[in-house]
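Bear in mind the structure is a predicted one, so any value in this text is a computation, not a measurement.
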Protein chains: 2
Amino acid sequence: MADLKAMAVSRAAANAVKRSRAAAKDLATDGSGEAGLQPGELAEFIGYPLKRAQLRIFEDFLRCVAPLQLTPAQFSVLMLLDRNPGRNQTEIAHTLGILRPNFVAMLDVLESRGLCARMRSANDRRSHIVVLTDKGRSVLSRARKLAAKHEARLTELLGSANRAALLAMLSKIATEF
Amino acid sequence: MADLKAMAVSRAAANAVKRSRAAAKDLATDGSGEAGLQPGELAEFIGYPLKRAQLRIFEDFLRCVAPLQLTPAQFSVLMLLDRNPGRNQTEIAHTLGILRPNFVAMLDVLESRGLCARMRSANDRRSHIVVLTDKGRSVLSRARKLAAKHEARLTELLGSANRAALLAMLSKIATEF
DNA sequence: GATATTTGATATATTCAATAACAATTACCA
DNA sequence: TGGTAATTGTTATTGAATATATCAAATATC
């Protein structure tokens, strides 16, 4: 199980490399005799650059956190568990926009890797309280450091103030649009 | 074929509505006695708000362009065909980051709806030049108008200058990160 | 106490994305 | 020139992400 997920991470990282190379090739051809295709107006619609930026960011996150074999989704679960102890599966999944049925398999993977555990709630014996294990906290701590490098690269590209403005606007879109 | 795709679009729009309701419920509980879960630091990592904003934007795009039954991906293909006539499948697909094998089915749908057509190239009889039909141009023209409303709502939320800055930063991430 | 709801789980379907392989055509080059 | 390599569109197939319906167990509601 964990091995399958690990392979998936590695394969995603490999694909990221391929896409990067393709993009680099594009830039190269843009400057040379062959004219590259122009997105044109497409780049003026928010969805197009937004989706491409999201793919690029996830690629880089995956690459940076590859030593710990964590996907962005898995990282987000560990972060949420750390911040919100004593919550059950439904609450965690719902906060992340993950449907409960799909969250079961996600948790299975994390639990099989010893990063978190299901505990039967004393109050409500239907629900499983999800807790971070010591190993989970340790892995999360290291993941935060690796992800911080990824974030630092972005800050380097945009500048600190611009990055903050970007975060604010994206959050606003996610919550108020 | 076209009907299947049409259903897919409608279903995606329906799901979008559900997610919006769930989010609204979250905001409601945040203000009431029950404390909502906090993403905490997670919101400081670019990937999290970026992904959520992308989902929200795509939801709204889908809703706005629903009368024409076009997904963001299909819209991007039509836009690219309009801007770059005389290109073959490989070139169009590559520019949009779509793998050639997956682009075949996408084109099949658009062609079966009469929005574009494959033309054998005179120079290179291996390749298919993809052209917009008159109907394709007509649908694209209407789609642009619907999408413009969607974009206007975003401008209303962020302000014109901020939206421009957002676009610039996302494009920079997509191309330079 | 009977009925409805919630929780975690299973099974399943669909979409998106990725790889391998193939025939037809073209490019290369010895 | 002829033989090999590369390219194009295509098919088949796989895996990952996302969505729905349904179920048993536990709880809530009335």
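Base engagement by R100(B) is indicated by at least one non-hydrogen atom pair under 4.0 Å involving a base atom. Backbone-only contact: D124(B) has heavy atoms under 4.0 Å from sugar-phosphate atoms and none from a base.
In this structure a side-chain-to-backbone donor-acceptor pair under 3.5 Å is missing from E176(A) to I173(A). R100(A) contributes no side-chain N or O that, together with a main-chain N or O of T90(A), makes up a donor-acceptor pair within less than 3.5 Å.
Distances shown here put every side-chain N or O of R87(B) at or beyond 4.0 Å from the OP1 or OP2 atom of dT8(D). Within the 4.0 Å cut-off from OP1 or OP2 of dG8(C), at least one side-chain nitrogen or oxygen of T90(A) is found.
Between the CZ atom of R125(A) and the P atom of dT5(C) there is a distance of 23 Å, given to the nearest Å. Distance CG (D108(B)) to P (dT15(C)): 15 Å, rounded to an integer number of Å. L62(B) places its CG atom 15 Å from the P atom of dT18(D), with the value rounded to the nearest Å. Atom CG of N88(B) is separated from atom P of dT7(D) by 13 Å (rounded to the nearest Å). Atom P of nucleotide dA12(D) and atom CG of L99(B) are separated by 18 Å, given to the nearest angstrom. Across the protein-nucleic acid pair, L96(A) atom CG and dT18(D) atom C1' stand 15 Å apart, rounded to whole Å. Atom CD1 in I92(B) sits roughly 10 Å away from atom P in dG9(D) (whole-Å rounding). One atom, CZ of F58(A), and another, C1' of dC16(C), lie 15 Å apart when rounded to the nearest Å.
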Decide side chain to side chain contact (heavy atoms under 4.5 Å, CB included) for R163(B) and E151(B); before the verdict, give the C-alpha distance in whole Å, the side-chain angles of both, and the deciding distance to 0.1 Å.
CA-CA 9 Å; R163(B) 178 183 170 281; E151(B) 296 291 329; 2.9 Å; yes

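Map R126(A) and N102(A) each onto its nearest nucleotide of DNA chain D; the residue landing nearer the 5' end is N102(A). Comparing P101(A) and K51(A) by the nucleotide of DNA chain C whose heavy atom lies nearest to each, the residue mapping closer to the 5' end is P101(A). Along DNA chain D, the nucleotide nearest to N123(A) and the one nearest to A73(A) differ in position, and the one closer to the 5' end is contacted by A73(A).
Checked for salt-bridge contact, D108(B) and R118(B) meet the test: a charged N lies under 4.0 Å from a carboxylate O.
Taking the ring centroids of F75(A) and F45(B), they lie under the 6.0 Å cut-off.
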